Chemist: 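For reference, the structure I am asking about is given below.
The structure presented is a predicted model; accordingly, all values stated were derived computationally and were not measured.
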Amino acid sequence: MEANSFKTILYEKSPDGKIAYITLNRPDRFNAIDGHLPRDLRDAVKLANADPTVHCIILKGNGPGFCGGYDLDIYSQNAVRGETAGSQDLSKGYDPLIDYTMMKENTDCFSELFHSHKPTIAQVHGAAVAGGSDIALCCDLVIMATDARIGYPPSRVWGCPTTAMWAFRIGVEKAKRMLFTGDLISGAEAADMGLVLKAVPEEELEETVLLLANRIASVPQNQLWMQKQVINGLIEGPLLRSQKLSTIFDGITRNSPEGVAFQELSKEKGFKAAIHERDSPARSERYGKVWKSVL
């Protein structure tokens, strides 16, 4: 894999070669996840790991934010018409393996950041939402702008975070608070909660991440690898089990009565209207009737 062969990311290195920069590069779509991005990300991490000069990887987003999640023009609105992966045709029953096979591949690609031999740092500005939070939280360290946002709104309807990193980062109760509500929180709140390492004003974000990366890059690669293996070893077994379950459940959420109704409402009123009703404090009576019509 060559650095110039990626379709959805940019890959470059610092002048001394010790830091690899992986930049999500679909800025016109808020770096939303399409069919190429997960594999580009995996291959870029592998490229950095194979480079004997690289000690640390910085992951960031081009444009107004880090990553807005899956490109829902592809995965939601078209899915209603059966053109792409969304709700299945349930007339002959639901096949969980169809959803699991697709999402397991993506989950494994994002998890390459967690399993990387070289430390990974997510530099989050704007927002890391839904699948974007999956990607950011797979990194070893996350530094956010104080006014950036992070969360998993699809936990309300039509999603389950397949990388399953929430509880391992902030514990059971706080993870439940985030996934029971689907709320977005600021970088400042995320740092206070312990979800991310640090939050700084956006104008200080790049410098803060670079200072940390340079400090890490001053350590021999084998030392970095050994420390990471010891720490990751504490959660790797439980994490893999959680990822399997959450990836299966993610497919079910998109094919549940509520998930199908969400897509039907998206088709009828547009995706923004469906999102507004899904994420509002009290869903409208009309949306409730849509759910019942699918049952």
Side-chain angles (χ1 to χ4, degrees), residues 6-10 21-42 44-45 57-76 103 105-114 120-156 158-166 169-170 175 178-179 181-187 189-191 193 195-197 199 202 205 209 243 246-247 250 253-254 271-272 275 278-279:
F6 301 114
K7 295 181 179 180
T8 61
I9 68 165
L10 302 173
Y21 292 92
I22 299 174
T23 304
L24 307 180
N25 190 40
R26 300 187 72 225
D28 57 324
R29 299 295 303 158
F30 209 87
N31 300 317
I33 301 162
D34 67 356
H36 299 289
L37 190 145
R39 290 144 195 83
D40 278 353
L41 178 58
R42 174 196 59 199
V45 174
I57 300 168
I58 294 175
L59 176 66
K60 57 184 180 177
N62 191 11
F66 180 81
C67 178
Y70 280 85
D71 192 329
L72 293 171
D73 275 352
I74 300 172
Y75 291 97
S76 176
M103 292 307 300
E105 173 70 12
N106 288 356
T107 301
D108 287 348
C109 289
F110 302 154
S111 296
E112 198 73 34
L113 293 158
F114 176 80
T120 54
I121 305 173
Q123 176 180 312
V124 177
H125 74 293
V129 177
S133 68
D134 280 338
I135 293 173
L137 296 180
C138 278
C139 289
D140 298 313
L141 306 168
V142 182
I143 298 180
M144 293 183 66
T146 51
D147 61 350
R149 297 174 298 155
I150 190 168
Y152 200 89
S155 67
R156 297 184 66 85
W158 215 63
C160 184
T162 64
T163 58
M165 294 300 301
W166 289 86
R169 283 185 167 271
I170 53 176
M178 292 300 299
L179 297 181
T181 64
D183 288 345
L184 296 178
I185 59 174
S186 69
E189 292 174 291
M193 184 184 289
L195 180 65
V196 304
L197 178 66
E202 185 170 347
L205 181 61
V209 171
Q243 286 182 346
S246 60
T247 303
D250 185 64
T253 65
R254 284 180 277 108
F271 184 71
K272 289 185 178 180
I275 286 287
R278 181 194 71 183
D279 295 348

Chemist: Apply salt bridge (Lys or Arg N to Asp or Glu O under 4.0 Å) to Asp183 and list each qualifying residue two or more places apart in sequence or on a separate chain.
Modeler: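 Residues passing salt bridge (Lys or Arg N to Asp or Glu O under 4.0 Å) with Asp183: Arg177.
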Chemist: Where do Ala136 and Ala122 come nearest, in terms of heavy atoms and distance?
Modeler: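 It is O-CB, 3.9 Å.
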Chemist: For the CZ atom of Phe114 and the CD atom of Gln243, what is their distance to the nearest 0.5 Å?
Modeler: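 Rounded to the nearest 0.5 Å, the CZ-CD separation comes to 8.0 Å.
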Chemist: Taking the side chain as every heavy atom from C-beta outward, state whether Lys60 and Tyr21 have any atom pair closer than 4.5 Å.
Modeler: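 Side chain of Lys60 against side chain of Tyr21, heavy atoms only: contact under 4.5 Å found.
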Chemist: Report yes or no: do Asn106 and Arg39 form a side-chain donor-acceptor pair below 3.5 Å?
Modeler: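 Checked: Asn106/Arg39 side chains pair up, N/O donor to acceptor below 3.5 Å.
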Chemist: Which of these passes side-chain contact (heavy atoms from CB on, under 4.5 Å) with Pro153: Ile275, Asp279, Thr181?
Modeler: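 Of Ile275, Asp279, Thr181, side-chain contact (heavy atoms from CB on, under 4.5 Å) with Pro153 is met by Asp279 alone.
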Chemist: Considering all heavy atoms of both residues, which atom of Phe30 and which atom of Pro64 are nearest to each other, and what is their separation?
Modeler: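 That closest heavy-atom pairing would be CD1-CG, 3.8 Å.
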Chemist: For residues Arg26 and His36, determine if any side-chain heavy atom of one lies less than 4.5 Å from a side-chain heavy atom of the other.
Modeler: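 Answer no - side chains too far apart.
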Chemist: Hey, could you give me each pair passing salt bridge (charged side-chain N to carboxylate O under 4.0 Å, His left out) that has a residue in residues 127-143? Not counting sequence neighbours.
Modeler: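 Only Asp140-Lys228 qualify under salt bridge (charged side-chain N to carboxylate O under 4.0 Å, His left out).
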Chemist: So, do Leu59 and Leu41 sit near enough that their side-chain heavy atoms are less than 4.5 Å apart?
Modeler: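 SC-SC contact between Leu59 and Leu41 confirmed.
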Chemist: Tell me, do Val142 and Leu195 make a side-chain contact under 4.5 Å, heavy atoms counted?
Modeler: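 No - every pair of side-chain heavy atoms lies 4.5 Å or more apart.
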Chemist: Could you report the tightest heavy-atom contact between Cys160 and Thr253, atom names first, then the distance?
Modeler: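 Closest approach of Cys160 to Thr253: N-OG1, 4.2 Å.
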Chemist: Only counting residues at least two apart or in another chain, list the ones meeting salt bridge (Lys or Arg N to Asp or Glu O under 4.0 Å) with Arg149.
Modeler: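 If we apply the salt bridge (Lys or Arg N to Asp or Glu O under 4.0 Å) test to Arg149, skipping adjacent residues, there are no hits.
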Chemist: Return the minimal non-hydrogen interatomic distance between Leu141 and Arg169, and the atom names on each side.
Modeler: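 Closest pair (atom of Leu141, atom of Arg169, distance): N-NH2, 4.4 Å.
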Chemist: Any heavy-atom pair between the side chains of Asn31 and Phe66 that's under 4.5 Å?
Modeler: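 A side-chain contact under 4.5 Å is absent here.
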Chemist: Measuring from atom OG of Ser246 to atom CE of Met103, what distance do you get when rounded to the nearest 0.5 angstrom?
Modeler: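 One gets 9.0 Å once the value is rounded to the nearest 0.5 Å.
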Chemist: State, yes or no, whether a side-chain contact exists between Glu112 and Cys138 at a heavy-atom distance under 4.5 Å.
Modeler: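 No - every pair of side-chain heavy atoms lies 4.5 Å or more apart.
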Chemist: Side chains of Asp250 and Thr162: donor-acceptor distance under 3.5 Å anywhere?
Modeler: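 No, Thr162 and Asp250 have no side-chain donor paired with an acceptor closer than 3.5 Å.
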Chemist: Tell me the closest heavy-atom pair linking Ser155 and Met178, and the distance in Å.
Modeler: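 It is OG-O, 4.2 Å.
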Chemist: Any side-chain heavy atom of Ile33 sitting closer than 4.5 Å to one from Ile135?
Modeler: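 Counting from C-beta outward, Ile33 and Ile135 do come under 4.5 Å.
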Chemist: Pro38 and Cys109: which non-hydrogen atoms are nearest, and at how many Å?
Modeler: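 So the two residues come closest at O-CB, 3.1 Å.
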Chemist: NE2/His125 to CD/Glu202 distance, rounded to the nearest 0.5 angstrom?
Modeler: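 Atom-to-atom, His125:NE2 and Glu202:CD are 6.0 Å apart.
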Chemist: Take Ile9 and Leu24, measure what side-chain contact (heavy atoms from CB on, under 4.5 Å) needs, and give me the verdict at the end.
Modeler: CA-CA 5 Å; Ile9 68 165; Leu24 307 180; 4.0 Å; yes
Chemist: Would you mind checking if Lys7 and Asp34 are paired as a salt bridge, meaning a charged N to carboxylate O distance below 4.0 Å?
Modeler: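 Answer for the salt bridge query: no.
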Chemist: Drop me the distance from Thr8's OG1 to Leu37's CG, to the nearest 0.5 angstrom.
Modeler: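 The distance works out to 4.0 Å.
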Chemist: With the side chain counted from C-beta on, respond yes when Ile150 and Ile185 share a heavy-atom pair under 4.5 Å apart, and no when they do not.
Modeler: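 Yes, at least one pair of side-chain atoms sits under 4.5 Å.
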